[in-house]
Colleague: 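A single structure is presented below for examination.
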Amino acid sequence: MTTSTGRADAVPTAVRPMRADARRNYDRLLAEGRAAFAEHGTDASLEDIARRAGVGIGTLYRHFPNRQALLSAVFEDAVCALLTRSRELLDDPQPCAALVEWLRAIVTHAGEYRGLSRALMSVSQDDSSALARCSAPMREAGGALLVRAQEAGSVRSDITIGDLLQLTNAIALAAEETPGDPELADRLLMLTLRGLKAGA
């Protein structure tokens, strides 16, 4: 996704200037949102987030018109880290291993916020969602890694990055629902990738 600065490697952010007090409120809401989603999952109460930030719910909605808008802002840091890692992996001499490493990183990041995988799966085909700001650049970054693996003959040509991201989110969700088995996500990821290999 290309941003207003012409860069295709970053998550687009709002360019609307804010007054100093509005910026403070925004930053507090973002910090409390991040803490609440990490502690309680993506269904955390928006009213509680506003209260902990010291503002009213109306102020929260002025900055973030819905839950997905707040989720998108909270997860941009994680998405930027994943985009950076995808660029680094483009030089890996083993394209399939690079793709696997990046998908594993997605599972790890998704595990930081209970409910994130479910939320991302729900908006995978909804470009109008605020969370599409996160998913669109992820699809582009992952697509580049997938194409390299396909061109190397390591991954089947009929696989799409949308398929892989949905599978990865499903694996992260399964791991979230089975906290007593910390190795589950990696086993499921490796099992899935065996089916993606060319000639499988």
Colleague: State the CG-CD distance between L60 and E32, to the nearest 0.5 angstrom.
Modeller: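 Interatomic distance, L60 CG to E32 CD, rounded to 0.5 Å: 11.0 Å.
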Colleague: Can you confirm whether R28 sits close enough to N25 that some side-chain heavy atom of one is under 4.5 Å from a side-chain heavy atom of the other?
Modeller: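 With C-beta onward as the side chain, the pair touches.
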Colleague: When rounded to the nearest 0.5 angstrom, what is the spacing between CH2 in W102 and CG in L90?
Modeller: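 With rounding to 0.5 Å, CH2 (W102) is 10.0 Å from CG (L90).
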Colleague: Using the rule that two of Ile, Leu, Val, Met, Phe, Trp, Tyr join whenever any of their side-chain heavy atoms come within less than 4.5 Å, decide whether I159 and V147 are in one cluster.
Modeller: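 No; tracing contacts between hydrophobic side chains, which count when under 4.5 Å, never links both residues.
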Colleague: Rounded to the nearest 0.5 Å, how far does OG1 of T168 lie from CG of L173?
Modeller: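 With rounding to 0.5 Å, CG (L173) is 12.5 Å from OG1 (T168).
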Colleague: Is there a donor-acceptor pair under 3.5 Å between the side chain of R156 and the backbone N or O of G195?
Modeller: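 Checked: pair present.
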Colleague: With a 4.5 Å cut-off on side-chain heavy-atom distances among I, L, V, M, F, W and Y, is there a chain of contacts connecting L167 to V100?
Modeller: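 Cluster IDs for L167 and V100 differ.
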Colleague: For A149 versus L99, what's the shortest heavy-atom pair and its separation?
Modeller: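 Smallest interatomic distance, heavy atoms only, reads CB-CD2, 4.3 Å.
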Colleague: Is there side-chain contact between R62 and Y26, with heavy atoms separated by less than 4.5 Å?
Modeller: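 They are not in contact (no side-chain heavy atoms under 4.5 Å apart), so the answer is no.
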Colleague: With the threshold set at 4.0 Å, does a side-chain nitrogen-carboxylate oxygen contact exist between R85 and E88?
Modeller: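 Yes, R85 and E88 are salt-bridged.
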Colleague: Between L29 and A50, what is the shortest heavy-atom contact and its length?
Modeller: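 In terms of heavy atoms, the two residues are closest at CD2-CA, 4.0 Å.
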Colleague: Do any N or O atoms from the side chain of R139 and from the backbone of L165 form a donor-acceptor pair under 3.5 angstrom?
Modeller: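 No; judged by distance alone, with no hydrogens or angles, the pair does not exist.
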Colleague: Check the pair V107, L188 against side-chain contact (heavy atoms from CB on, under 4.5 Å), reporting the backbone distance first and the verdict last.
Modeller: CA-CA 11 Å; V107 172; L188 291 176; over 6 Å; no
Colleague: Taking R67 for its side chain and T42 for its backbone only, find out whether a donor-acceptor pair lies under 3.5 Å.
Modeller: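 Flag set: sc R67 to bb T42 pair under 3.5 Å.
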Colleague: Taking the side chain as everything from C-beta on, heavy atoms only, tell me whether H109 gets closer than 4.5 Å to V79.
Modeller: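 Answer no - side chains too far apart.
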Colleague: Using the ring of each side chain (for Trp, its six-membered ring), is F37 parallel, tilted or perpendicular to F75, with breaks at 30° and 60°?
Modeller: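 Taking F75 first and then F37, their aromatic rings sit tilted (interplane angle of 30° to 60°).
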Colleague: What pairs with R24 under side chain to side chain donor-acceptor pair (under 3.5 Å), at least two apart in sequence or on another chain?
Modeller: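 Per chain and number, R24 pairs via side chain to side chain donor-acceptor pair (under 3.5 Å) with no residue.
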Colleague: For Q94, look at atom CD and say whether over 12 heavy atoms of other residues, nucleotides or ligands are found less than 6.0 Å away.
Modeller: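 No, not enclosed.
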Colleague: In plain terms, say whether D48 and R52 are close enough for a salt bridge, that is, a side-chain N and a carboxylate O under 4.0 Å apart.
Modeller: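 A salt bridge is absent here (no side-chain N lies under 4.0 Å from a carboxylate O).
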Colleague: Is the backbone N or O of L83 less than 3.5 Å from a side-chain atom of S86, with the two atoms forming a donor-acceptor pair by type?
Modeller: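 Yes, the answer is positive, given that a donor and an acceptor are paired below the 3.5 Å cut-off.
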Colleague: Heavy-atom distance under 4.5 Å between the side chains of L103 and T192, does that happen here?
Modeller: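 Counting from C-beta outward, L103 and T192 never come under 4.5 Å.
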Colleague: Does the side chain of V55 come within less than 4.5 Å of H63's, by heavy atoms?
Modeller: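 No, their side chains stay 4.5 Å or more apart.
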Colleague: Can you see which heavy atom on A36 is nearest to which on A44, and at what distance?
Modeller: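 For A36 versus A44, the nearest heavy atoms are O-CB, 3.8 Å.
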Colleague: Work out which heavy atom in V155 is nearest to a heavy atom in C96; give both atom names and the distance.
Modeller: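 Looking at all heavy atoms of both residues, the shortest contact is CG2-SG, 4.2 Å.
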Colleague: Please determine which of L184, L189, L191 meets the side chain to side chain contact (heavy atoms under 4.5 Å, CB included) test together with I171.
Modeller: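 When side chain to side chain contact (heavy atoms under 4.5 Å, CB included) is applied between I171 and each of L184, L189, L191, only L189 qualifies.
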